[in-house]
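This report concerns only the one structure given below.
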Amino acid sequence: ISYYDLEKFYDENDEIMKCSGINGDPANPPRSKRPLKPLSLGKDGEIIASAFDKLNWHWWPSDSYVNSENFNNNWKFYGSHALMDRKSISSTDQNYLKQAIKLGAKIITNSRVSKIILENDGRLLKKSFFGLLLLSLVFQGGEFGEVIRSSMIDAYIQVSVFVGFTLFVFIGLDSLTKFDVKNFLSKTQKFHVGIAAFLGAIPGCGGAIIVVTQYIQGRISFGSLVAVLTATMGDAAFLILAIEPTTGLLIFGIGIIVGSISGYIIDFIHGINFMQSETKIKVEFEKINKTFVSNFNFFWLFLFIPGFILGILVAFQIEFSPAYNSLLVFVASAGAILSIFMWSLNPLSDFQCSTDKSRGLLSRVVDTTNFVTTWVISGFLVFEIFMYFTSLDLKIFFDLWLPFVPLVAILFGFLPGCGPQVVVATFYLNGYIPLSAELGNAISNDGDALFPAIALAPKAAILATLYSAIPALVVAYGYFYLFE
């Protein structure tokens, strides 16, 4: 951002604050005319200006946020201190707050900000538009429509139902145990880096977000932040565990080891107090106990149960009779459409779907599964639509550029949020990219844990993300050259 990008806002502020001065100073960039005439130099100012003239030095009357129309050297003296009269001072309470109050601002005195709550309405339009786009593709005719519907059926029956089952297990355990991570961290300060890496490696973003908030509040080291962001894979972990559990456990183990090593190295280099945040402000999303789409949870479950059973049969490559095949098509199509519909009309952010524990077990599972399902279907459709219009085999394309694929996956990991990472995991599970690329993405991506870090400690968040790229490159290309 340059000065000229912000110039119009400076001019607007000068107008509102009633800046007194004179434009045309050759030592500054060209500026708009000052709203008010300049203040008089006064005797001392005239003496200084005269001296500058004799030395052939440049001088110019400075801008002053003082109302020159009201001010006529009306100074009030308090001992050795001289103050302007209140009416002449251009200040925010005089110039901004009065207008803000007229527009509905509520001024609360003798207080400070401790929490920022973000409303959910803003993102709903974007989600609705994206969901409508996906659903409009379902009803396309001809061969193209068949490709779209087949992709959605495969995504739901081969992936989504297993993700839902995995979420029932993990979220169910989380609901039953009521484990207090914050209290645990306060009692284990010597092992914060290792614990942070472990919490980050746990599927989902809940553990990682807790660690990030503890760092923001100054309770753990910067190395612990690097460890958790390195180890976490976010909601994409559910996808890997559901389809390839051994690979999921491998990534889990690698994440803990690499995250711990990275964190301890960072603390050794920078010290445990490096970039320590002192803010006490919390950023939260608007609490919504019950959403409109939760009314469809029963219908979702009605489709999920037979879908999960059919998914198991498909996984074991059991052939279906025409009648059962029709049932599979109906259940998978309806399940995919309902998941996209519920996700697009859900006011909760994807971040909230993964982390908010105020809702019941079923709502948490349904909302998170719908979010993952939408992105999985998007991944399937990106590949199939690309193939349909280009007739180019992406598998062959990736094989030709194989040495660069892990790097691209790592760079994709820098994108905040779990959605893009679910797409990368989908590409891996479908055999389009190698395991080395998925390992690099798993280490470089920070999932939803990056959002609170960016909001309250942006410099630390960006630096920690960049640090996570180093082990991502080492592990991805180490695995690539050793095994692929």
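These numbers were taken from a predicted model, which means no experiment stands behind them.
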Residue pair [X] / [Y]: nearest heavy atoms and the distance that separates them:
X	Y	value
V138	I337	CG1-CD1, 4.0 Å
Y156	V331	CE2-O, 4.1 Å
T465	A461	OG1-O, 2.8 Å
F274	F222	O-CB, 3.3 Å
N370	M342	ND2-CB, 3.4 Å
P406	P403	CD-O, 3.8 Å

Does the side chain of [X] reach to within under 4.5 Å of the side chain of [Y], using non-hydrogen atoms?
X	Y	answer
L362	F168	yes
I220	L225	no
P434	L402	yes
L132	S344	no
E7	E12	no
V147	L381	no
D14	Y65	yes
Q421	W375	no

Measure the [atom1]-[atom2] distance between [X] and [Y] for me, rounded to the nearest 0.5 Å.
X	Y	atom1	atom2	value
D446	L229	CG	CG	4.5 Å
I148	S136	CD1	OG	9.0 Å
T230	I257	OG1	CD1	13.5 Å
F427	N441	CZ	CG	12.0 Å
S128	L133	OG	CG	12.5 Å
I410	S468	CD1	OG	9.5 Å

Any chance [atom1] of [X] has more than 12 other-residue heavy atoms, nucleotides or ligands included, within less than 6.0 Å?
X	atom1	answer
F302	CZ	no
F404	CZ	no
F299	CZ	no
F480	CZ	yes
F298	CZ	no
Y388	OH	yes

Would you find a donor on one side and an acceptor on the other, under 3.5 Å apart, between the side chain of [X] and the backbone of [Y]?
X	Y	result
S262	V258	yes
T232	V228	no
K127	W343	yes
N13	F9	no
R149	Q140	yes

List for me each residue that meets side-chain hydrogen bond (donor to acceptor under 3.5 Å, both in side chains) alongside S333, sequence neighbours excluded, and say none if there are none. none

Verify side-chain contact (heavy atoms from CB on, under 4.5 Å) between I153 and L328, making sure each step is shown before the conclusion. CA-CA 8 Å; I153 290 170; L328 184 148; 4.0 Å; yes

Taking it one step at a time, do D267 and V226 satisfy side-chain contact (heavy atoms from CB on, under 4.5 Å)? CA-CA 9 Å; D267 275 350; V226 173; over 6 Å; no

Using side-chain contact (heavy atoms from CB on, under 4.5 Å), reason through T369 and W300 one step at a time and then give a plain yes or no. CA-CA 10 Å; T369 305; W300 185 94; 3.7 Å; yes

Ring center gap for F304 and F165 short of 6.0 angstrom: no

Under 3.5 Å, is there a donor-acceptor pair linking the side chains of [X] and [Y]?
X	Y	value
N346	D367	yes
S221	S224	yes
Y215	H192	no
N297	S363	yes

What's the verdict on side-chain contact (heavy atoms from CB on, under 4.5 Å) for T426 and Y432, showing C-alpha distance, side-chain angles and the deciding distance? CA-CA 9 Å; T426 302; Y432 308 142; over 6 Å; no

What residue among V474, V475, L473 forms side-chain contact (heavy atoms from CB on, under 4.5 Å) with Y477? L473

Can you label the angle between the Y3 ring and the Y10 ring as parallel, tilted or perpendicular, going by 30° and 60°? parallel

Working for side chain to side chain donor-acceptor pair (under 3.5 Å), residues S160 and T373: CA-CA 6 Å; S160 297; T373 298; 3.0 Å; yes

Please list, one pair per line, the donor and acceptor atoms closer than 3.5 Å that link side chains of residues 237-245 to other protein atoms, with sequence neighbours excluded.
residue	atom	partner	partner atom	Å
E244	OE1	T247	OG1	2.8
E244	OE1	Y428	OH	2.8

